[in-house]
Amino acid sequence: MQRNKLNKSVISVFLVLILLFAPCFCISINASSYDDISKVELYPGGMPFGVKISSPGLTIVRFTAKKGNDASSAYLAGMREGDIIIKVNDKSVNTIEAFLTEVSKCGASTIRIVALRNDKEMTFNVKPKYSPDDGRYKTGIWVKDSTTGIGTITFFDPNNQTFGGLGHAICDSYSGNIVPVTKGHVMDVTINGVVKGTSGAAGELRGEFLPKKIGVLTKNSACGVFGVLSTNTFSSPENKIKACPKNEIKEGNAYIWCTLDGGIPQKYSIKISNIDYSNKNTKNFRIKVTDPELIKKAGGIVQGMSGSPIIQNGRIIGAVTHVLINDPTEGYG
């Protein structure tokens, strides 16, 4: 996971998260048997996309201090990193500006803050401390009101414009909790460079958000992000193909689709090994990059490739999820 440096502001912070390594991938359908999975047909992705998720409130990412005279009054009141502030003195807040406004109204008076922790509402009575440097009262927390990142489309269906991507959940970098989606947008992005991965240092795709919104997110889960795209947003690099039940995945050759430059997905060869058919968690099989062009350009798997579809014997078997830091030519799906 790549994270930009924190803003120096005591009360607010904006984090730009490049969320790329992943726990898992699955097909977003209700299926009770392998026969159901084998009938699913999808268009492979490989295109980069941006996500912007607004949470139901403000996520606490850091406290000014936890001990001593400068200890955060919010921390002393029992609040913790990952708590999502939804109300201040019974007034809903979901932007940093709204939070600051409500806090400033209170001065030295105790503030009643309602926050979510593991989806459970909790109430805290926070008495702000006066900051001589700023000449105002503060709660001593840094918060964020949205999460952004770049990943790769795994599959989509142009008939209804639904899609799946990333192959993993977007999680809060401090608490590790899955970020709830109340308002999520899919953004157009352009990839303008690749930092090559080396042993001990993960590489990354360098990209930037474009102002155009190209869809909405409807779900952020352990299996990835899902949503609906605008009409004719993407063209698949190949025709519709079937999904593969996990018990039919084989060791051997496969390939992935991903975009490193030029704005067009390219096919790169890999090998599958160490398949764990019983594993229900994150690392179902090993990936070894064998394509000399991908190794030359990127060193192997880099941050930003999460969600790249893996194709074997004409079927989608999963998505790229992890890279081995000590050897970027290897990872997991």
### Task
Would you indicate whether the side-chain heavy atoms of Leu260 and Ile191 approach each other to under 4.5 Å?
no
### Task
Measure the shortest side-chain to side-chain distance between Leu210 and Met187 over non-hydrogen atoms and say whether it is less than 4.5 angstrom.
no
### Query
Does the side chain of Leu205 come within less than 4.5 Å of Ile150's, by heavy atoms?
no
### Query
In this structure, are over 12 heavy atoms from other groups packed under 6.0 Å from Lys52 atom NZ?
no
### Message
Between Glu248 and Arg315, does any NZ, NE, NH1 or NH2 come within less than 4.0 Å of an OD or OE carboxylate oxygen?
### Response
yes
### Summary
Only one of Tyr255, Phe285, Trp257 passes side-chain contact (heavy atoms from CB on, under 4.5 Å) with Ile310, and that residue is Phe285
### Query
When clusters are formed by joining ILVMFWY residues with side-chain heavy atoms under 4.5 Å apart, either directly or through shared neighbours, do Leu116 and Phe124 land in the same one?
no
### Message
Run the side-chain contact (heavy atoms from CB on, under 4.5 Å) test against Ala65 and tell me which residues pass, sequence neighbours left out.
### Response
Asp70
### Task
Tell me, yes or no, whether the heavy-atom count around Arg206 atom CZ, taken from other residues, nucleotides or ligands under 6.0 Å, exceeds 12.
no
### Query
For the ring-ring contact (aromatic ring centres under 6.0 Å, His included) test, which of Phe163, Phe234, Phe156 pairs with Phe49?
Phe163
### Query
Going by distance alone, is a donor N or O of one side chain under 3.5 Å from an acceptor N or O of the other, for Asp276 and Ser278?
yes
### Residue pair Ile85 / Ile60, side-chain heavy-atom distance below 4.5 Å
yes
### Query
Considering residues at least two apart in sequence or located in another chain, which fulfil the side-chain hydrogen bond (donor to acceptor under 3.5 Å, both in side chains) criterion with Thr162?
Asn160
### Query
Is it true that the NZ or CZ of Arg286 lies under 6.0 Å from the centre of Tyr332's six-membered ring and within 45 degrees of the ring axis?
yes
### Query
For Arg112, does the CZ atom have more than 12 heavy-atom neighbours from other residues, nucleotides or ligands under 6.0 Å away?
no
### Message
Ignoring hydrogens and geometry beyond distance, is a side-chain donor-acceptor pair present between Thr290 and Ser269 at under 3.5 Å?
### Response
yes
### Task
Measure the acute angle between the ring planes of Tyr75 and Phe63, then classify it against the limits of 30° and 60° as parallel, tilted or perpendicular.
perpendicular
### Query
Got Lys138 and Pro128 here, is their nearest side-chain heavy-atom distance under 4.5 Å?
no
Throw together a table of side-chain donor-acceptor distances under 3.5 angstrom for residues 102-109, partners on residues two or more places apart or in other chains.
{"from": "Glu102", "atom 1": "OE2", "to": "Lys105", "atom 2": "NZ", "distance (Å)": "3.2"}
{"from": "Ser104", "atom 1": "OG", "to": "Leu100", "atom 2": "O", "distance (Å)": "3.2"}
{"from": "Ser104", "atom 1": "OG", "to": "Thr101", "atom 2": "O", "distance (Å)": "2.7"}
{"from": "Ser109", "atom 1": "OG", "to": "Cys106", "atom 2": "O", "distance (Å)": "3.3"}

### Query
Is any side-chain heavy atom of Ile272 closer than 4.5 Å to a side-chain heavy atom of Ile317?
yes
#### Entry: Check against side chain to side chain contact (heavy atoms under 4.5 Å, CB included), Ile270 and Asp291
CA-CA 7 Å; Ile270 63 172; Asp291 197 295; over 6 Å; no
### Query
Side-chain contact, heavy-atom cut-off 4.5 Å: Pro328 with Val302?
no
### Message
Any heavy-atom pair between the side chains of Ile141 and Phe99 that's under 4.5 Å?
### Response
yes
